[in-house]
Amino acid sequence: MAEPSQAPSPPIPRRVNAAVIGAGPAGLVAARELRREGHSVTVFEKGSQIGGTWVYTPEFESDDPLGIDPTRPVVHSSMYESLRTNLPREVMGFMDYPFVAGGGGGGGVDADGRRFPGHREVLRYLEEFAREFGIGEGIVRLEREVVNVAPVEDGSGRSWKVTSVNSNNKEAVEEMEEEVFDAVVVCNGHHSQPRIADFPGVKSWPGKQIHSHNYRTPQPFKDQVVVLIGHAPSGADLSINIAGVAKQVHVASTTVVDPNNNNINYPSQSHPTFPNIWIHPMVEKACGDGSVVFRDGVTVFPDIIIHCTGYTFHFPFIRTAGIVTVEDSSVRPLYKHVFPPAWAPGISFVGLPHRIKYVFFFFCVCKIKTLLFPLFELQSKWISGVLSGRISLPSEEEMMRDANDFYSAIQAAGVPTRHTHNMLATAALEGDDYSDWVAAQCQCRGVESWRRGMFLASRSNGQARPETFRDEWEDGELVIEAHRYFASLKP
Ligand code: FAD
């Protein structure tokens, strides 16, 4: 007689002991999601406080201001004193912990209730998030830098040896610790290793050069002639900041176009609002006599060149060959930008995808980024669910095939390698919206429609009012909708 058919029993949840590297926004939300799923978590943070990039420090890397040597002593944060967010707070925060003024980051005598607040307000929000979800002492180990991550013996990826040192005394062998974890979630941030502009003469130019990673305040540039390379958010912010004290600011942009004739090499022009800022096409060459020549032939003699040219991915603690390779800002092979197929789910990466779009506007290029905090949240839910067995992954072969198909497709489409994780450059090849895809894996709510609408509205506002979009807007109805939504989240 045939056995009565039975419904398959649900998988027994696996509780793992996970290490999270980094206590910035990605590491904090990863820790929360792992704990929610029942895993035990240790967060390693090399800094003396949580918050990652949002911990402003006046310190900078004075010995290597271009950040060329990857083994230099690194100051993690690239925040400058005057920075205000480039997204409205309602959009920017985690999806289930609203970043609203007067709560969830607001409140207190020194609160910054602006819609596009300064960096200190974001840090306060992250500290409150950590307090709310118990990501503190006992979970986060401050001043512990992870220096090596390697699979244990059998190489199955089922357990990982994590080596950490005291960040203030890295050479102290007696303070080095090796611990074994079932899983490692990498959340080390991607805004500390500068990318430098490359043009003839840049290396031998006799003047001073720095990367925006090491910019803090405009005062050092008083009465100087400054060439600033790059016109994305940092470049645009810095040019206006520095123009307040400098003699002249010359911005070289790869992407400034004249909206009328679409001429990518639009000739040098003075800025419509700031008389001591000039916008130029890209630099043609830097010369031994101290001059800098732009592609339209305009020549200036600057005191300093500031590279506002972005960052590259850097994972100095992953030394074991074969886990992933990092080349030209492309981390490979990864299944859906998170799991190396051969080691999944034992090691995972949060926060690699970004979405960069260059929006051309006369004299201004806005570099639109994706909604990072919600993305970190969704990726963390996915990783936590996979680790417990609640969510399954395809086989290693299928994941590898998927990753390789994607790499072949971007190559065939002529997408540069450095845009592997740029959701906008690869959108047509990836099909679904990436956040929606991850949310579907987790069977959870994706990015809310009001949030998407507000993101688009703030993007258009940024184009229409490149200098004032942080204080003038017209999406008040969406703000009301957002607050209605936040109120509905309260228990
Ligand atoms: P991070 O915030 O960089 O945190 C990584 C953490 O890992 C750090 O605390 C670091 O100390 C720690 N760490 C690194 N290596 C190790 C190690 N080996 N061992 C132990 N700990 C380690 N995003 C927005 O959404 N809105 C904005 O307005 C915005 N403005 C920005 C402005 C600037 C100038 C910059 C640089 C970035 C901005 N961003 C903005 C992006 C910002 O990076 C993200 O908001 C966010 O901070 C990224 O979070 P993360 O946790 O991935 O990385």
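Whatever order the structure lists ligands and atoms in, that order sets their numbers, starting from 1. Quick note: residue numbers are just sequence positions, from 1.
Under the 4.0 Å criterion applied to side-chain N and carboxylate O atoms, D112 and R470 are not assigned as salt-bridge partners. With salt bridges taken as basic N to acidic carboxylate O contacts below 4.0 Å, none links R484 and E481.
With a 4.0 Å heavy-atom cut-off, ligand 1 is reached by the side chain of M79 but not by its N, CA, C or O. Under 4.0 Å from ligand 1, heavy atoms of E45 appear from its side chain as well as its backbone. Looking at C187 against ligand 1, only its backbone comes within 4.0 Å, counting heavy atoms. With a 4.0 Å heavy-atom cut-off, ligand 1 is reached by the side chain of M92 but not by its N, CA, C or O. Under 4.0 angstrom from ligand 1, the non-hydrogen atoms of L83 all belong to its side chain.
Annotation: Y311 is not in aromatic contact with H190 [ring centroid separation under 6.0 Å not met]. Aromatic pair F373/F99: centroids not less than 6.0 angstrom apart.
Considering backbone and side-chain N/O of T53, one or more are found under 3.5 Å from N/O of ligand 1. Ligand 1 has no nitrogen or oxygen under 3.5 angstrom from a nitrogen or oxygen of R84.
The two residues A197 and M282 come nearest to each other via the heavy atoms CB-CE, 4.5 Å.
No heavy atom of Y311 sits closer than 4.0 Å to any atom of ligand 1.
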